[in-house]
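If you read the sequence from its start, that first residue is 1, and numbering goes on from there. The basis for the numbers below is simple: all heavy atoms, side chains too, and nothing from hydrogens, waters or symmetry mates.
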Amino acid sequence: MGELAKLRAELPPEVEATLRRHEEAGTTNSAEYQQAEMEFYKRHLCRVDPWPDWLNESFAIMLANPEVYNTMNGPSESM
């Protein structure tokens with residue numbers, strides 16, 4: 001089992017199922033997928049609550065121009 005699969009296995013089953021369903025359907029831009037993705041991020045990207053300003057700024061920059069991120073990672077870290 002790869003490391004990503006191990007991290008995903010730690011998610012609540014309904015969150016992992018949501019991620020998988022949208023990834024298979026190609027609907028990773030849906031609000032439901034993004035909510036499930038946020039659960040992954042809260043558990044495995046940054047556990048500080050609220051997130052630090054620098055992390056929020058990084059996400060804002062990425063969302064403003066996602067071309068490089070999508071080329072390197074695909075639509076999500078959790079895939």
Side-chain angles (χ1 to χ4, degrees):
M1 177 182 290
E3 290 304 311
L4 181 57
K6 290 177 187 177
L7 295 176
R8 284 183 66 147
E10 295 176 11
L11 293 170
E14 65 276 7
V15 173
E16 203 288 319
T18 298
L19 291 170
R20 188 173 1 92
R21 182 175 64 251
H22 285 284
E23 290 163 1
E24 290 171 358
T27 55
T28 56
N29 59 346
S30 74
E32 182 183 41
Y33 181 84
Q34 291 174 10
Q35 287 175 333
E37 182 181 52
M38 188 57 67
E39 285 303 312
F40 179 89
Y41 288 161
K42 286 178 181 178
R43 292 169 184 259
H44 303 301
L45 177 73
C46 182
R47 294 182 182 180
V48 175
D49 187 22
W51 279 0
D53 290 341
W54 64 265
L55 184 55
N56 288 318
E57 291 168 13
S58 295
F59 269 91
I61 291 167
M62 180 194 67
L63 292 171
N65 185 2
E67 183 177 353
V68 172
Y69 175 88
N70 288 341
T71 299
M72 294 179 71
N73 295 314
S76 169
E77 295 285 336
S78 61
M79 289 184 77

Is Leu45 reachable from Met38 through a run of I, L, V, M, F, W or Y residues, each pair having side-chain heavy atoms under 4.5 Å apart? yes
Taking atom CD of Glu14 and atom CD of Glu39, what is their separation to the nearest 0.5 Å? 9.0 Å
Straight-line distance of Leu4 CG to Phe40 CZ, nearest 0.5 Å: 5.0 Å
Can you find a pair of side-chain heavy atoms, one from Leu19 and one from Leu11, that are under 4.5 Å apart? yes
Does one side chain, of His22 or Thr27, offer a donor that lies under 3.5 Å from an acceptor on the other? yes
With rounding to the nearest 0.5 Å, note down the distance linking CZ in Phe59 to CH2 in Trp51. 4.5 Å
Heavy-atom closest pair, residues Arg47 and Lys42: CG-O, 3.4 Å
So, taking the atom named CE in Met62 and the one named CD in Glu57, what distance separates them when rounded to the nearest 0.5 Å? 14.0 Å
Taking all non-hydrogen atoms of both residues, which atom of Ala36 and which atom of Val15 are closest, and how far apart? O-CG1, 3.6 Å
Working to the nearest 0.5 angstrom, can you tell me the gap between Thr18 OG1 and Glu37 CD? 12.0 Å
Under 4.0 Å between a Lys/Arg side-chain N and an Asp/Glu carboxylate O for Glu23 and Arg20? no
Leu63, Tyr69: one ILVMFWY side-chain cluster at the under-4.5 Å cut-off? yes
